[in-house]
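In this text, all values refer to a predicted model and were calculated from it rather than measured experimentally. Per chain, numbering begins at 1; letters A, B, ... match sequence-line order. All values below come from the heavy atoms of this structure, side chains included, with hydrogens, waters and symmetry mates left out.
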Amino acid sequence: MSSYLDNLNDVQKQAVLQKEGAMIIIAGAGSGKTRVLTYRIANLMKQGVDAFNILALTFTNKAAREMKNRIATIVGESEAKNLWMGTFHSVFARILRSEADKLGFPKNFTIYDTQDSVKLLGSIIKELELDTDRYKAKQVLNRISQFKNSLITVKAYDNNPELQEADRQASRPKMGEIYKNYVDRCFKAGCMDFDDLLLRTNQLLSQFPEVLNKYQNKFRYILVDEYQDTNHSQYLIVKALSDRFQNICVVGDDSQSIYAFRGANINNILNFQRDFDEVKIFKLEQNYRSTNNIVQAANSVIKNNRSKLDKDIWTANVGGDKVKIMHTTTDGEEGRFVARTIFDIMMQKQAKNTDFAVLYRTNAQSRSLEDALRKQGVDYRIYGGLSFYQRKEVKDVLSYLRLLINPKDEEALKRVINYPPRGIGQTTIEKLIVAANQYNRPIYTILENLEKVNIGLNSGTQTKLQNFITMMQSFQIFSENNNAFDTADHIVKQVHILADLDKDSTPEGISRIENIQELLNGIKDFIDKQTEEDLDTSLTSFLEDVALATDFDNDKKDNKENVSLMTIHSAKGLEFPYVFIVGLEENLFPSAMSMNTRAELEEERRLFYVAITRAEKAAYLSLARTRFRWGKLVDAEPSRFLEELDENYIEVLAKPRQKNEGNLFDDFESPNTERQWQTPKNAIRYKKVTTQAPPKPRPLVVPKNLKKIAENLSPNTNLFDTKLTVGNSVEHARFGIGKVVSLEGAGPNIKAEINFEKEGNKKLLLKFAKLKIIG
DNA sequence: CCACTTCCATTTTTT
DNA sequence: ATGGAAGTGG
């Protein structure tokens with residue numbers, strides 16, 4: 001029966017066959033992790049475990065889908081269909097959907113994306129008449145996200161002088177008030193944001209024992225992929241669900257943890273052995289993906305990180321090409337180098353577009369690459385960035401649909417109440433919000449009862465509002481008798497969105513119309529697919545899918561083969577024969593925002609490690625000495641990561657040149673560009689230099705914005721590195737001098753009990769407490 | 001209330 | 001450079 005096991009090495013096989021208990025699979029890059037997970041689940045099922053009792057949490061929905069398909073080939077489609085597989089967010093959104101009433105949410109709750117959350121926070125900040133420079137909606141959202149991911153509710157915040165003090169120090173004393181308002185408003189709107197999907201799940205499991213019991217019994221075998229990137233909230237969910245049967249298998253690689261910025265807690269993986277009894281450990285250390293030069297180059301970089309699990313990634317693969325490094329003068333030149341090299345490799349090695357990926361640190365870097373690829377005639381596709389569903393015109397249509405299933409959805413209402421323009425202005429909307437807050441009802445309810453409230457609207461405006469409501473009600477009725485596609489189509493026609501967009505005959509305007517068409521097609525596809533698999537075809541389920549979809553999840557139908565352009569973060573879990581990593585410059589990669597602590601810098605280094613290890617056959621690194629940023633030319637120094645690469649595995653294509661030495665690709669601007677490139681003369685351009693230029697002493701750059709951000713962050717982030725221990729004397733801004741009595745918790749959640757001379761014993765969350773070690 | 005203009009920040013990464 | 005927000009005149 002176990003022919004499928006023959007493809008596995010010893011450790012992989014052990015990991016697959018270990019059926020019960022807690023286990024951790026430390027899976028180095030390219031070590032066949034997905035294969036192990038797939039076979040492991042298949043094996044469980046072959047051994048008689050019911051698919052309904054297996055929960056597998058992945059990092060993207062696409063990963064879940066692919067894994068499911070692979071499992072289906074082993075155990076059969078009908079069985080594989082019953083597996084619960086998906087991202088934390090989508091799996092628990094589904095569970096919340098059926099249990100929402102217990103938490104006071106409607107079953108049809110809608111999901112706020114980041115845009116919605118930021119907008120809501122913007123209006124709250126305005127309503128509270130706070131300084132919008134101090135209180136930047138986006139930053140406030142980040143802070144609230146931190147709270148939620150650490151399970152700090154509004155109440156917990158109110159009881160936590162430390163947090164309040166930290167916010168006061170960051171000149172945001174009203175943070176608690178904003179937080180409370182935000183949570184209230186989301187609740188009243190029947191909406192959950194991304195973090196709520198996890199936080200509310202935790203609430204559900206902790207406050208309702210019968211619910212916990214139900215899902216503990218259901219999910220007897222739990223698997224978590226990319227465990228290194230789970231946050232505290234996710235960790236608690238996993239812990240709670242697996243508590244009964246303790247059949248928990250987590251897979252991850254601490255060296256690939258790159259999501260600390262959104263609360264991922266690397267200690268979840270580092271401390272796994274502490275959290276469960278008798279943990280079995282499997283280390284997958286053989287890399288099957290990359291050539292030896294790539295594996296060793298990657299190893300030489302990551303070894304500079306202090307905090308990591310002990311492992312030794314090796315490969316039996318041949319050496320292959322060395323990792324190539326290209327110094328260029330400008331970002332434009334860098335783009336042309338990438339485009340040209342891709343073109344050359346395609347010609348010489350008969351490679352396809354899909355064999356290539358260009359990875360960058362920030363989305364903004366894609367522009368110069370796009371220009372160059374377009375000129376070179378290389379088809380490409382950008383992943384990530386603004387997703388399809390976030391485009392204005394698409395979101396407008398989606399907002400109508402959202403409002404239909406959840407009339408309380410405030411952000412959706414605000415979007416469509418005057419779009420297309422129907423004479424309902426800002427003033428009117430503000431009056432409505434005020435009324436809604438006064439009566440403690442959703443705006444929609446106010447609208448339905450306009451005649452009963454007097455909020456100072458003139459009769460003309462009242463009629464317009466009335467018409468809007470009547471229209472929405474008619475849509476409501478329509479949707480009850482028609483499917484999601486017909487409803488959406490009906491709405492698009494009735495509100496004349498296309499007519500509005502038609503006024504704009506620019507290419508952008510035309511593409512907007514196409515986007516709406518594509519959205520409608522998307523809904524149709526969704527219904528077809530769901531029907532085929534006998535799943536929910538409702539509007540609600542479509543909207544949920546959309547809210548949690550990533551760019552990778554909706555496969556474009558154009559059958560063109562494309563070079564992939566994406567951020568390194570997006571590239572996690574993917575692999576390509578040829579990988580280009582661009583912008584290896586100080587302040588860009590590592591990012592200027594991530595150089596104030598060792599922890600941050602180490603995350604950047606892991607990011608670099610992830611980038612290199614995406615490559616199978618060849619990796620090209622490039623940098624530019626000047627680059628357009630913020631519309632200005634900015635000078636740049638080579639990234640420190642380049643110096644960390646072991647020179648045995650690299651090859652420098654063009655040595656660093658001073659700016660005034662002229663542009664390597666200057667002739668590229670000339671009309672004969674193409675021909676110039678074919679001439680052998682160009683060969684010397686790839687001049688090999690055996691020694692790298694002596695590294696210049698790096699000027700100590702402290703960007704201006706760094707200071708500001710440092711002030712906003714808790715100033716003691718680096719405390720994690722200085723290792724506070726029991727017995728240390730510390731000084732606290734408010735409580736004065738004290739001694740550390742004990743430490744508990746892990747990572748960002750370490751709490752210290754401190755005996756203060758004046759204030760007595762206090763437990764402080766190190767993350768937020770402002771402590772200075774004085775002895 | 002709307003259309004047009006000017007101004008401003010934006011660039012770290014994403015479910 | 002660019003797109004969104006805020007301000008201004010009709």
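- The side chain of A/H569 lies closest to B/dT13, out of B/dT12, B/dT15, B/dT13.
- Heavy atoms of A/Y259 sit under 4.0 angstrom from primed sugar atoms or phosphate atoms, though from no base atom.
- In this structure, A/F608 and A/F589 have perpendicular ring planes: the angle between them is above 60°, well past the 30° mark.
- The A/S570 side chain lies nearest to B/dT14 when the options are B/dT12, B/dT14, B/dT15.
- For the pair A/R361 CZ and B/dT11 C1', the computed distance is 10 Å after rounding to whole Å.
- Under 4.0 angstrom from either OP1 or OP2 of B/dC1 there lies at least one side-chain N or O belonging to A/T428.
- Between B/dT12, B/dT11, B/dT14, one nucleotide has an atom nearer to the side chain of A/A364 than all others, and that is B/dT11.
- Remark: A/T427 is in phosphate contact with B/dC1, judged by side-chain N or O atoms under 4.0 Å from OP1 or OP2.
- Side chain of A/Q234 to main chain of A/F88: no donor-acceptor pair is present (N/O by atom type, distance under 3.5 Å, no hydrogens or angles).
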Nucleotide by nucleotide, nucleotides 2-10 of chain C touches protein heavy atoms under 4.0 Å in the pattern (B base, S sugar-phosphate only, - none) S--------
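- Residue contacts shown for A/D195 are absent, as no nucleic acid heavy atom lies under 4.0 Å away.
- Distance from the side chain of A/T461 is smallest to B/dC1 among B/dC1, B/dT12, B/dT14.
- Side-chain N or O atoms of A/H232 include none that pairs as donor or acceptor with a backbone N or O of A/L151 at under 3.5 Å.
- The residue among A/E604 and A/A547 whose nearest nucleotide of DNA chain B lies closer to the 5′ end is A/E604.
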All N/O pairs under 3.5 Å across the protein-nucleotides 2-4 of chain B interface:
residue : atom : partner : partner atom : Å
B/dC2   : OP1  : A/G423  : N            : 2.7
B/dC2   : OP2  : A/N418  : ND2          : 3.2

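- Comment: A/R606 engages A/E603 in a salt bridge, judged by a side-chain N to carboxylate O separation of less than 4.0 angstrom.
- Across all strands shown, A/K138 has heavy atoms under 4.0 Å from sugar-phosphate atoms exclusively, and none from any base.
- Between A/T567 and B/dT14, a side-chain N or O to OP1/OP2 separation shorter than 4.0 Å is present.
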